[in-house]
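Reading through the structure tokens given below for one structure.
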Amino acid sequence: MEIIIVTGQRNGNLYLAGNYEHVKYFPEQSTLHPYKLSERILKLCDTYFKANEDLIITTYSEIVLDSVRLWGARTGHCDILKCISCMDNGEIRTSGFNEYGEMDIWENGIFDIKKVILKELLDIKRGKMNS
């Protein structure tokens with residue numbers, strides 16, 4: 001039993017990650033509110049875990065990833081979590097999770113847009129305050 005996140009850089013081909021059953025494609029498209037999306041992912045993880053079935057979630061959403069991480073940490077099942085990252089150059093990289101839901105490898109260009117935006121906002125603020 002595994003719970004796998006399939007994601008990638010902006011030009012990565014997510015279909016290179018493999019052919020799986022029980023794939024949930026981009027759940028963020030049908031559940032836009034972040035709290036509802038997180039609740040949906042937590043319930044999805046519980047449902048598939050209790051049924052002893054693999055769950056594969058294809059997503060670009062940090063909320064989806066973080067909700068899976070939270071589920072793993074809450075339940076003590078981070079050992080069944082995996083993140084497959086499809087890189088722009090066609091390379092496939094896999095990351096596991098520790099007991100706290102932290103990823104072994106956090107790839108650049110994947111799930112880091114919030115950090116990029118916040119850094120630029122801070123730079124803009126600093127520039128205006130120092131003028």
message: On a heavy-atom basis, which atom in Ser67 and which in Leu42 lie closest, and how many Å separate them?
response: O-CD2, 3.3 Å

- prompt: Is a side-chain donor or acceptor of Asn11 paired with a backbone partner of Asp88 at a separation under 3.5 angstrom?
  reply: no

- prompt: Between Val6 and Ile56, which heavy-atom pair has the shortest distance, and what is it?
  reply: CG2-CG2, 3.8 Å

field: Beyond-backbone contact of Trp71 with Ile3, side-chain heavy atoms, under 4.5 angstrom
entry: yes

- prompt: Quick one: are Ile5 and Val64 in side-chain contact, heavy atoms under 4.5 Å?
  reply: yes

message: Distance check, rounded to the nearest 0.5 Å: Ile105 atom CD1 versus Ser85 atom OG?
response: 8.5 Å

Close side-chain approach of Arg126 and Asp123, heavy atoms under 4.5 Å: yes

Gap between atom CG of Leu65 and atom CZ of Phe97 - 0.5 Å precision: 5.5 Å

message: I'd like to know if Lys43 and Asp46 make a salt bridge, using a cut-off of under 4.0 Å between side-chain N and carboxylate O.
response: no

task: Look at the aromatic rings of Tyr60 and Phe26 and report parallel, tilted or perpendicular, splitting at 30° and 60°.
output: parallel

Main-chain N/O of Ile84 paired to Thr94 side chain as donor or acceptor, under 3.5 Å: no

field: Approximate separation, where rounding is to 0.5 Å, of Arg93 CZ and Cys83 SG
entry: 12.0 Å

task: Report the residue from Lys82, Met103, Glu102 that forms a side chain to side chain contact (heavy atoms under 4.5 Å, CB included) with Ser95.
output: Met103

- request: Return the minimal non-hydrogen interatomic distance between Leu32 and Glu28, and the atom names on each side.
  value: CD2-O, 3.2 Å

message: Please report the interatomic distance OG1(Thr31) to CD1(Ile41), rounded to the nearest 0.5 Å.
response: 7.5 Å

query: What is the minimum heavy-atom distance between Lys24 and Leu44, and which atoms define it?
result: CG-CD2, 3.8 Å

field: Minimum side-chain heavy-atom gap Arg40-Ser30 below 4.5 Å
entry: yes

Separation between CG of Leu81 and OG1 of Thr75, rounded to the nearest 0.5 Å: 7.5 Å

4.5 Å side-chain heavy-atom contact, Ile113 and Glu62: yes

- prompt: Can you tell me how far the CD atom of Gln29 sits from the OG1 atom of Thr59, to the nearest 0.5 Å?
  reply: 9.0 Å

- request: Only counting residues at least two apart or in another chain, list the ones meeting side chain to side chain donor-acceptor pair (under 3.5 Å) with Thr58.
  value: none

- prompt: Which heavy atom of Gly72 sits nearest a heavy atom of Cys78, and at what distance?
  reply: C-SG, 3.3 Å

Note, Val68 side chain near Ile57 side chain (heavy atom, < 4.5 Å): yes

query: Closest heavy-atom contact between Glu2 and Asp54?
result: N-OD1, 2.8 Å

